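Here is the structure we will look at, set down as structure tokens.
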Amino acid sequence: MDVSARIEDAYAQLVRRNPGEAEFHQAALEVLPALEPVLAAHPEYLDARIVERLCEPERQIIFRVPWVDDRGVVQVNRGFRVEFNSALGPYKGGLRFHPSVNLGIVKFLGFEQIFKNALTGLAIGGGKGGADFDPKRRSDAEVMRFCQSFMTELHRHLGEHTDVPAGDIGVGAREIGYLFGQYKRVTNRFEAGVLTGKPVGWGGSYARTEATGYGTVHFTQEMLRTRGKRFDGRTVTISGSGNVAIYAIEKVHALGGRVVACSDSFGYVVDEKGIDLDLLKEVKEDRRERISAYAEARPGAVFSARGSLFDVPCEVALPCATQNELDEQSAIALVKNGVQAVAEGANMPCTPEAVKILREADVLFGPGKAANAGGVATSALEMQQNAARDRWTFAQTEARLAAVMTDVHTLCRTTADRYGSPDDYALGANAAGFLRVAEAMAAQGVV
Ligand code: NDP
């Protein structure tokens, strides 16, 4: 059987085995065809059935999360942890709390995470988890009880050398605190390295909060540099207004760019003067309000509940909210308005149709598994600091983050060149990530 038939076969098996998991299918379809030239050069990985093994998680945990709300009513949610691949290190990947969470979404995120973590060059395997719980409409006490119930079950699967979760959509410092507190209580161990994204005061790393957004901008800057361009003076749009978006905005402004639009799930704001970051942080981080409250407080800013943020003219667009938010129509609008670079701060925010349009228009495209790898890389740096009972300064940690992002960018570029697709960062990221994992899996035998 030739290489492309083997890949098609592996994909068909994945679809058959995981019915209805559309996002997982999409993530696999983005990676597998890109591996064709790699597998042609490495037939030993075909013999070892590395692709088939990579597509099957090592372990999938699904559990009931019962808890009592503030009215005394019993609530039941569903928790997930997919431990996808441990060839390079303990399973590593965030927890997402959002009503849309299901097994297919967790698997898509876990699958992506394997390659992303490999690209960082750090000793971390791939995993992901979460629950169909919505922290947004809940009091702090409710969020605490939910987190305690979630961790009461999950703790038996975790450990600093086994599986190390972090945050994702809906899981920030508050949730990590409650999760860590319950882990400590039920295990009777202060095992700092079991969760990352902790506050700096008790085991967290400086720059972890900023890492994904900063890293995405750093990666984009490296892409722009290959065409003799810089952020300085450029107009930028960034979707979302959560952790990744906020710190991407901060870094773009530091580099002299101007972010003129951001969003949440209710709509987007356009602020031609440039987003006022202090106000945005106050609205989204302190007051936990809708993005419309930003426009109400900021003269000249306009809120729209309809249409798309990606219709707003810009030279650089950074989708930093959620999967499949930037579709074909958005890509057409961006190209029409002269966009020069798009990098994914979120995981899989661009649909396959959108990516095709951007690539055909010769727009620089940074795929999430490379562009947003700064978050998990800094989580791995947090694990290093925990293991050494040490704490680095903000400057030291940010310098390590920047070095990792530069290396990831170089690796994607050189790998794309090697396989005859210059400038194709998606191919470079998939191939380079795969090679690192495949080499380790082959060396570790059939396990
Ligand atoms: P947050 O929860 O902090 O923020 C998410 C943002 O996206 C919010 O503005 C939210 O709006 C918006 N959003 C979420 N779901 C939807 C939706 N269905 N439609 C429209 N907007 C939506 O999450 P993060 O910033 O941490 O994560 C954002 C993305 O980045 C995710 O794809 C995540 O997987 C990815 N990522 C995060 C990393 C991290 O370190 N945090 C690391 C690597 C990737 P609203 O508040 O209205 O829901």
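FYI, side chains are in, hydrogens and waters are out, and symmetry mates aren't considered; it's all heavy atoms of this structure. Numbering of ligands and ligand atoms starts at 1, following listing order. In this text the structure is predicted, and so the values were computed from the model without any measurement.
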>> Return the closest protein heavy atom for atom 4 (O) of ligand 1 as residue, atom name and distance.
In response: Gly242 CA, 3.2 Å

>> Tell me the protein heavy atom at minimum distance from atom 32 (O) of ligand 1, and give that distance in Å.
In response: Asn347 N, 3.1 Å

> Who's closest to atom 45 (P) of ligand 1 heavy-atom-wise, of Ser265, Gly267, Ser379?
Replying inline: Ser265

> So, for Gly193 and Asn386, which heavy atoms are closest and what is the spacing to 0.1 Å?
Replying inline: CA-OD1, 3.6 Å

>> Between Lys369 and Asn347, do the side chains contain a donor N or O and an acceptor N or O under 3.5 Å apart?
In response: no

>> Quick test of your reading of the structure: of Leu309, Ile169, Asp168, whose heavy atom lies closest to atom 34 (O) of ligand 1?
In response: Asp168

> Counting from 1, what ligand 1 atoms have a heavy atom of His98 closer than 4.0 Å?
Replying inline: 15 (N)

> In terms of side-chain heavy atoms, does Gln182 have a donor or acceptor partner in Thr152 at a distance below 3.5 Å?
Replying inline: yes

>> Show, in sequence, the C-alpha distance, side-chain angles and deciding distance for Glu282 and Arg287, and conclude whether the side-chain contact (heavy atoms from CB on, under 4.5 Å) test is met.
In response: CA-CA 6 Å; Glu282 186 193 318; Arg287 285 157 40 192; 2.7 Å; yes

>> Testing the 3.5 Å rule here: is there a donor-acceptor pair between the side chains of Thr162 and His157?
In response: no

>> Are any of the N/O atoms on Ser241, whether in the backbone or the side chain, positioned under 3.5 angstrom from an N/O atom of ligand 1?
In response: yes

> With a cut-off of 4.0 Å, which atoms of ligand 1 are near a heavy atom of Gly170?
Replying inline: 2 (O)

> Among side-chain atoms of Arg208 and Ser379, is any donor-acceptor pair under 3.5 angstrom?
Replying inline: yes

> To the nearest 0.1 Å, how far is atom 41 (N) of ligand 1 from its closest protein heavy atom, and which atom is that?
Replying inline: Asn243 OD1, 3.5 Å

>> Tell me whether Arg290 has any N or O atom under 3.5 angstrom from an N or O of ligand 1.
In response: yes

> Taking only heavy atoms of Cys320, which atoms of ligand 1 are found under 4.0 Å from at least one of them?
Replying inline: 28 (C), 29 (C)

>> Using a 4.0 Å cutoff against the non-hydrogen atoms of Asn372, which atoms of ligand 1 qualify?
In response: 43 (C), 44 (C)

> After noting the C-alpha distance and the side-chain angles of Cys350 and Leu326, does the key distance pass the side-chain contact (heavy atoms from CB on, under 4.5 Å) rule?
Replying inline: CA-CA 5 Å; Cys350 299; Leu326 198 165; 3.9 Å; yes

>> Heavy atoms only, cut-off 4.0 Å: how does Thr212 contact ligand 1, side chain, backbone, both, or neither?
In response: side chain

>> Check contact between Arg96 and ligand 1, using heavy atoms of the residue and a distance below 4.0 angstrom.
In response: yes

> Of all the non-hydrogen atoms in the protein, which one sits nearest to atom 13 (N) of ligand 1, and at what distance?
Replying inline: Ala321 CB, 4.1 Å

>> For ligand 1 and Val244, I'd like to know whether there is a polar contact (N/O to N/O, distance under 3.5 Å).
In response: yes

> Which ligand 1 atoms are under 4.0 Å away from a heavy-atom of Gly240?
Replying inline: 9 (O)

> Would Asn85 and Tyr91 count as having a side-chain donor-acceptor pair, cut-off 3.5 Å?
Replying inline: no

> Hey, is atom 10 (C) of ligand 1 touched by any protein heavy atom at less than 4.0 Å?
Replying inline: no

>> Classify the ring geometry of Phe133 against Trp67: parallel below 30°, tilted from 30° to 60°, perpendicular beyond 60°.
In response: perpendicular

> In ligand 1, which numbered atoms sit nearer than 4.0 Å to a non-hydrogen atom of Arg208?
Replying inline: 40 (O)

>> Counting non-hydrogen protein atoms only, what is the nearest one to atom 48 (O) of ligand 1? Give residue, atom name and distance.
In response: Lys136 NZ, 2.7 Å

> What residue and heavy atom of the protein are closest to atom 18 (N) of ligand 1, and at what distance?
Replying inline: Thr322 CG2, 3.8 Å

>> Evaluate Phe303 against Val270 for side-chain contact (heavy atoms from CB on, under 4.5 Å), listing each step before the verdict.
In response: CA-CA 7 Å; Phe303 170 74; Val270 178; over 6 Å; no

> Are Tyr178 and Gln148 close enough that a side-chain donor and a side-chain acceptor fall under 3.5 Å?
Replying inline: no

> Can you find a side-chain donor-acceptor pair between Glu315 and Asn337 that sits under 3.5 Å?
Replying inline: no

